[in-house]
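Atoms within each ligand, like the ligands themselves, are counted from 1 in listed order. These figures come from a predicted structure and were not determined experimentally.
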Amino acid sequence: MNVFWFLPTHGDSRYLGTSKGARQVDFDYLKQVAVSADTLGYDGVLLPTGRSCEDAWVAASSLIGVTKQLKFLVAVRPGLSTPGLAVRMAATFDRLSKGRLLINVVTGGDQAELEADGLHASHSERYEITDEFLKVWRASLSGEGGDAGYDFAGKHIQVKGAKTLYPPVQKPYPPLYFGGSSPAAHELAAEQVDVYLTWGEPPAAVAEKIADMRARAAKHGRTLKFGIRLHVIVRETNEEAWKAADELIKYVDDDLIARAQASFNKMDSEGQRRMAALHGGKKDKLEVSPNLWAGVGLVRGGAGTALVGDPETVAARMQEYADLGIETFILSGYPHLEESYRFAELVFPLLGKGRERSGEAVLTGPFGEVISNDILPKVSQS
Ligand code: FMN
């Protein structure tokens with residue numbers, strides 16, 4: 001099981017929908033979250049992309065030097081850059097970080113946002129562009145075309161003699177992750193990506209998606225890996241966890257929910273539509289399957305569900321998804337710094353994760369606050 005955390009480049013807070021308890025997301029804060037994730041033993045961090053975030057590439061690059069093993073899942077938006085530029089950025093990042101880049105291919109589901117960025121294309125055209133972009137991206141990083149370089153003449157993208165003089169560390173290229181729930185997205189992922197990502201839908205819906213993706217991939221003679229993006233609200237008891245979920249949205253009122261949902265409804269993202277359908281814009285029935293809570297999605301676009309419960313419950317729900325074929329869990333909690341610690345402290349031992357458990361960190365001194373010169377903290381058995 002790979003466990004990733006999330007870098008909150010679009011803001012962070014203790015409560016949703018209010019500036020109360022919010023914090024400045026500047027370099028020092030991102031550095032704290034990244035260093036925490038790295039030292040705690042998370043496998044990687046996801047950086048989102050879009051108008052509402054700091055730029056993912058610049059933010060991730062700034063954090064290479066302060067982290068040691070952490071991988072960066074950085075978004076590429078086909079259509080906003082040429083494949084040649086994207087290839088060079090990826091190869092350089094991978095070289096400078098010594099092989100710590102993962103690519104999240106984000107086609108985008110908000111036409112107005114994309115038009116503001118200069119991309120004028122319908123949902124299906126955007127997937128055509130992504131398809132062509134990835135063909136060029138993969139071929140040129142795989143060295144296709146040899147010394148003469150790679151040529152491609154597509155409907156949207158044409159390149160002549162594409163070459164990568166400074167190749168990435170990971171061969172043939174940093175792994176491609178991808179999320180998208182429309183039929184066009186599934187078809188593209190089946191043919192071209194390495195890891196298919198879904199937002200945190202109930203296990204039965206995730207099982208259907210995985211079955212569909214596996215069947216489509218098989219037609220191309222391929223197999224895929226799978227990942228899920230979820231928030232998590234874990235506390236020592238179930239009761240405390242559900243109380244924390246209520247607290248998280250205590251400043252969210254019906255007016256704010258209606259405005260947020262109206263804004264998300266303008267998008268043409270099938271994934272977003274599926275997220276919104278889970279709660280229907282209402283606060284009264286948010287546990288949409290056991291321990292899966294849709295409260296975050298009332299006012300947050302994209303990933304809108306959280307696993308809620310005590311450590312054993314959360315670990316068991318994760319195992320349920322793992323049994324379906326999910327290998328990578330991309331998690332987050334508010335605020336992201338404290339919750340990265342809380343999750344690692346409470347759930348990593350149950351998952352066999354963490355630096356101490358992997359034998360990477362050898363503890364040579366007392367663990368916990370020393371009580372006096374001759375009394376050390378009791379050694380916990382869990
Ligand atoms: N869309 C963004 O605009 N920015 C992101 O950072 C982003 N990250 C995503 C992460 C995950 C795990 C998933 C599943 C989706 C993400 N998306 C993001 C949305 C998809 O990339 C996709 O563009 C959108 O869902 C529209 O495609 P669809 O209609 O096929 O669902």
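Inclusion of S182 in the set of residues having an N or O under 3.5 Å from an N or O of ligand 1 is warranted. An N or O contact shorter than 3.5 Å is missing between R229 and ligand 1 by distance. At a 3.5 angstrom cut-off on N or O pairs, E113 does not count as close to ligand 1. Close N/O approach between G108 and ligand 1 is found [any backbone or side-chain N/O within under 3.5 Å]. The shortest N or O to N or O distance between W199 and ligand 1 is not below 3.5 Å.
I129 and P78 get closest at one heavy-atom pair: CG2-C, 4.2 Å.
The closest approach between H123 and ligand 1 falls below 4.0 Å for a heavy atom of the residue. Distances shorter than 4.0 angstrom occur between a heavy atom of D268 and an atom of ligand 1.
The residue among G180, G271, G179 with a heavy atom at the shortest distance from atom 21 (O) of ligand 1 is G179. Taking only non-hydrogen atoms, the option from F6, F4, Y127 nearest to atom 27 (O) of ligand 1 is Y127. Of the listed residues (N104, L230, V195), the one carrying the non-hydrogen atom nearest atom 10 (C) of ligand 1 is N104.
In terms of protein heavy-atom proximity, atom 6 (O) of ligand 1 is nearest to T49 N, 2.8 Å. When only non-hydrogen protein atoms are considered, atom 3 (O) of ligand 1 lies nearest to R77 NH2, 2.4 Å. Scanning the protein heavy atoms around atom 18 (C) of ligand 1, the nearest turns out to be V106 CG1, 3.7 Å. Distance from atom 25 (O) of ligand 1 to its nearest protein heavy atom, with residue and atom name: S269 OG, 3.1 Å.
For the residue pair H231 / S332, a side-chain donor-acceptor distance below 3.5 Å is found, with atom types taken as modelled. A donor-acceptor contact under 3.5 angstrom links the side chains of E128 and H156, judged on distance only. With hydrogens and angles left out, the side-chain atoms of H336 and Q32 include no donor and acceptor closer than 3.5 Å. For the residue pair R138 / Y173, a side-chain donor-acceptor distance below 3.5 Å is found, with atom types taken as modelled.
Exactly one of R216, K209, R214 qualifies for a salt bridge (Lys or Arg N to Asp or Glu O under 4.0 Å) with D212. That residue is R216.
F133 does not carry R77 over the face of its six-membered ring by the limits of under 6.0 Å from the centre and within 45° of the normal.
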### Message
Quick one, D43 with K353, criterion salt bridge (charged side-chain N to carboxylate O under 4.0 Å, His left out). Give me CA distance, side-chain angles, the key distance, then yes/no.
### Response
CA-CA 9 Å; D43 298 287; K353 302 277 309 172; 2.6 Å; yes

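No salt bridge links E240 with K243; every basic N to acidic carboxylate O contact stays at or beyond 4.0 Å.
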